[in-house]
Amino acid sequence: MTKTSLLQAAYDPEAFRSMGYQLIDELADYLAKCQAGAEEIPANPWIKPEEARERWSAAVDQAGSVSSLQILVDTLKEGVHLHHPKYMGHQISPPIPITALAGLVSDWMNNGMGVYEMGVPGSTMEHLAVKKVSQYMGFSDAADGFITSGGTLANTTALLAARSIKAQQNVWTDGHDQPLALMVSEAAHYCVDRAAKIMGWGEKGIIKVPVNDRYQMKTDQLQRLYQEASDAGVQVIAVVGSACSTATGSFDDLRAIAKFCQQHDLWFHVDGAHGAALAFSGKYKDRVKGIELADSVAMDFHKMLLTPSITTALIFKDGKHSYQTFSQRADYLFEQADPEWFNFAKRTFECTKLMLGLKAFITLSQYGVKLWDEAVTAVVDLSQAFAQMIKDHPAFELAVEPECNIVCFRYQQEGISKKEQNQLNDRLRQSILEDGEFYIVKTWLGEELWLRTTLANPLSTTTELKGLLDKIEGFVPAHLPA
Ligand SMILES: Cc1ncc(COP(=O)(O)O)c(C=O)c1O
């Protein structure tokens, strides 16, 4: 091989060492400043898309014009700051430093986790981390699974397994003539709808169960909807429970769903992408009671468990079921016949699969599940304190009592229409976004627009939350209808 000077420079160990040291210093300083709640770091240094394109284009138009260290430091400075206590937006954890270092090592090694021989430690750690999580879900040693690239993919994989196991025809080889369907609450994450559509089931294939005033599935409607589908010739194969829902963080009654599934021989999948992590909280684990009755559970490490995204466990109560999703051989990689925990590509969508297990395993190896207990408990406690602050405040309204770390609320102005109320809150959220000190999001609940916070950072406190309410109130006069 000809080693050109450019290749030599790109792989140069000493340049890497020097930049790496400087970068770690930058990251550590940033973390310390975030923890001090430093005013000079906004939670979200927002700039408009066109300005951002302009700002970054020179660095790519002329290679080498900006140093790599500068690019990394500026990226850190100008992106959303999850470690900041005023970050309260989407459902993503601020990773603890060791998990980010694990991410660096896994990117560096680039071991593909499809087959064991392409990365012995990573494959083994993934297996052990999944086994540990499955104990906390209340499963026996027969449970098994893997880590995959996000809740969306995990839910889709679980539902494909359900289809293989519950459909009356061999769908993998023969397709199916009979219409199939699953049931899920109307408050569930959109990826469940997407999974049904990907499987070609169309609108009929996703039966939306209404929710109560706490956005939990009305499980007493299951029988009626099931009967209607059966009468129309549709085979319902699964019910998906949300633990918890995305918009409000509401937990379905998993025990009631499990009972219904047992009565009708249906697959019971729990979308625990966000809230299955409560199983680690000594204080709040009862909120996921019934999860141990599921056939499969998806749980994101990156939403509540301080892990970089995207790292999702998909666990099957009977580990053997996880081999039934894809009935395929890949001559250059594996033969399908034997269930082998260590060759993940037999069971996952991914062929070249990232070394995701290391990021979960490293936390378990250093802190055990105790750290997850502390983190989950802290953010759920904080969301309850925030809900109380909102209820005590005459100008704000709480959408629903929070069950997880998601709180929806809004500013209430007397004497304006519903439409104007929605517009007011929409503009308030836009002002918060453009101001940058805090980062929060918004959601529609029925016809009403609400401000939405996910208290993702276990180091946030009620001081920041009080600051957020003050900040919102400060923007109100500018946005009141004329
Ligand atoms: C309940 C629920 N399920 C699934 C997902 C999708 O997970 P991911 O973003 O990891 O694909 C989300 C994301 O917000 C979610 O809240």
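Atoms within a ligand are numbered from 1 in the order they appear, just like the ligands themselves.
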- [ ] Say whether T312, considering both its backbone and side-chain N or O atoms, lies within less than 3.5 Å of an N or O atom on ligand 1.
- [x] no

Open item on the list: Less than 4.0 Å is my threshold; does some heavy atom of H302 fall inside it relative to ligand 1?
Closed with: yes

Task: Any C244 heavy atom less than 4.0 Å to ligand 1 - done: yes

TODO: Please report which non-hydrogen protein atom sits nearest to atom 12 (C) of ligand 1, along with the residue it belongs to and the distance in Å to one decimal place.
DONE: H189 CD2, 3.3 Å

Open item on the list: For F301 and W372, take the angle between the two ring planes, folded into 0 to 90°, and tell me which bin it lands in: parallel under 30, tilted 30 to 60, perpendicular over 60.
Closed with: tilted

- [ ] Return yes if some donor-acceptor pair links the side-chain N/O of H81 with the main-chain N/O of G79 below 3.5 Å, else return no.
- [x] yes

Open item on the list: Just to confirm my output: which protein heavy-atom neighbour is closest to atom 16 (O) of ligand 1, and how far is it?
Closed with: T246 OG1, 2.8 Å

Open item on the list: Within the 4.0 Å heavy-atom shell around G151, which atoms of ligand 1 are there?
Closed with: 7 (O), 8 (P), 10 (O), 11 (O)

- [ ] Go through the steps to decide whether R55 and D74 satisfy the test salt bridge (Lys or Arg N to Asp or Glu O under 4.0 Å), and finish with yes or no.
- [x] CA-CA 11 Å; R55 184 250 175 277; D74 287 353; 3.0 Å; yes

Task: Six-ring centre of F396, R410 cation under 6.0 angstrom, axis tolerance 45° - done: no

Open item on the list: I'd like to check which ligand 1 atoms, numbered from 1 as shown, lie under 4.0 Å from a non-hydrogen atom of C191.
Closed with: 4 (C)

TODO: Considering only non-hydrogen protein atoms, determine which one is nearest to atom 9 (O) of ligand 1 and report residue, atom name and distance to 0.1 Å.
DONE: K303 NZ, 3.4 Å

TODO: Determine whether more than 12 heavy atoms belonging to other residues, nucleotides or ligands lie under 6.0 Å from atom NZ of K197.
DONE: yes

TODO: For Q91, counting its heavy atoms only, list the atoms of ligand 1 lying under 4.0 Å from any of them.
DONE: 14 (O), 16 (O)

TODO: Hey, can you tell me if F409 and F386 have their rings parallel, tilted or perpendicular (30° and 60° cut-offs)?
DONE: perpendicular

- [ ] May I ask whether S242 has any heavy atom positioned less than 4.0 angstrom from an atom of ligand 1?
- [x] no

- [ ] Please work out whether the ring planes of F260 and H264 are parallel, tilted or perpendicular, with thresholds of 30° and 60°.
- [x] tilted

TODO: Look at ligand 1 and say whether D271 reaches it with a heavy atom at a distance under 4.0 Å.
DONE: yes

TODO: Give a yes or no on whether K466 atom NZ has more than 12 heavy-atom contacts from other residues, nucleotides or ligands under 6.0 Å away.
DONE: no

Open item on the list: Donor-acceptor check, side chain of T99 to backbone of P95, threshold 3.5 angstrom: yes or no?
Closed with: no

TODO: Would you mind listing which atoms of ligand 1 come within a distance below 4.0 Å of any non-hydrogen atom of D300?
DONE: 7 (O), 8 (P), 10 (O)

Open item on the list: Applying a heavy-atom cut-off of 4.0 Å, say which part of H90 lies close to ligand 1: side chain, backbone, both or neither.
Closed with: neither

